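Indexing begins at 1, ligand by ligand and atom by atom, following the structure's order. Nothing here was measured: the structure is a model prediction, and the numbers come from that model. Computation of the quantities below employed the complete heavy-atom set of this structure, encompassing side-chain atoms and omitting hydrogens, waters and symmetry-equivalent molecules.
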Amino acid sequence: MTTANVDEMGGAAKPVIYGQSERPPRGDYSVAHADYTCAQPMSAYTPEQHERWRRLYADRLQGLPGLADEVYLASLNDLRAQSGIPSLEYVSESLYKATRWQLVAVPGLIPEAAFFALLAARKFPVTWWLREEAEFNYIVEPDVFHDFFGHVPLLFNPTYADHMQAYGLGGIKAQGLGGLEYLARLYWYTIEFGLIHTAQGLRVYGAGLLSSGTEPRYALTNAKPKRIGFDLMRVMRSLYKIDDFQASYFVIDSYEQLMRDTAPDFTPLYARLREQSDIPAGELLLSDRLFA
Ligand code: HBI
Ligand code: FE
């Protein structure tokens, strides 16, 4: 999903997507609560939408064996969510037992402060509406398929789940420190487009990759993109592209490494980052640890 500069004035916030024309919101923000959560209108989903979910699910899943991290695939399989748009409330029962996370419905992209606050409370915001048929292969902003199929399975992994809460807590702190853009880059190159080095080789764990269709194979096998060992400062200096395959991907050794490397207080890092130049997507540094 892209970062959004959502109107902080609350009310019917209209998400302005970077680089895209302003589009009318598809979720009704006026019915959302103060924390931007809303009811998931299970009865409003049509048979056509459940059928589109089944086709999206089958289409993306068939491309993942051998490309997606086995931890993700096993958890996705356990969710048994292939037959239709899942009830967030129902899935939250097993999720809460596993890692004390809950899924909450939101009308779409929400202001960063609200997003961080929900993550810090171990509540993952899932946009409740499903993309149109014309958006089957690509959608600009997150819909229920991207958020659920891409993000939810790994929330059953305790280390990833703890990292996601730490990210939310870090986001709340970053707001007063001018660190938001750096954190958005960290989220982009891990949670959305991250690769992981496993005993079987490089695998995909980023939600933006998992829900995309063709990018996992590109990310792992195409000669064009750079595959760089995760380094926190390097990632937070790295610019990214929101409307094309990535020019660089970052590789973690484990979810434990992601948790460990992002645990320290970022305050001194933001000061250092402001002194350093941004690194264009696709550019390499001599200090980069490269994967073939
Ligand atoms: N809102 N619903 C929703 N989902 C997101 O992933 C999201 C968001 N608002 C802001 C946002 N992500 C990004 O700016 C993060 O980098 C914070
Ligand atoms: Fe996402």
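In this structure, Lys123 does not pair ionically with Asp35, as no charged nitrogen and carboxylate oxygen lie closer than 4.0 Å. No salt bridge links Glu93 with Lys97; every basic N to acidic carboxylate O contact stays at or beyond 4.0 Å. Under the 4.0 Å criterion applied to side-chain N and carboxylate O atoms, Arg52 and Asp59 are not assigned as salt-bridge partners.
Looking at Glu192, its N, O or S atom nearest to the Fe ion (ligand 2) turns out to be OE2.
Between NE2 of His151 and NE2 of His146, the angle at the Fe ion (ligand 2) works out to 100°, rounded to 10 degrees.
Ring centroids of Tyr205 and Tyr72 are separated by 6.0 Å or more, keeping the two rings apart.
Of the N or O atoms in Ile110, one or more lie within a sub-3.5 Å distance of an N or O in ligand 1. Where the criterion is an N or O separation shorter than 3.5 Å, residue side chain and backbone included, Ala184 fails it with respect to ligand 1. Of the N or O atoms in Glu112, one or more lie within a sub-3.5 Å distance of an N or O in ligand 1.
Residue Tyr187 forms a ring-ring contact (aromatic ring centres under 6.0 Å, His included) with just one option from Phe193, Phe250, Tyr240, Phe115, and that option is Phe115.
Remark: Arg60 is positioned above the aromatic ring of Phe136, its terminal NZ or CZ atom under 6.0 angstrom from the ring centre and at most 45 degrees off the axis.
Looking at Pro142, Ala105, Gly108, Pro125 and measuring to atom 2 (N) of ligand 1, the nearest heavy atom belongs to Gly108.
Proximity of Phe116 to ligand 1, defined as any heavy-atom pair under 4.0 Å, is confined to the side chain (atoms from C-beta onward).
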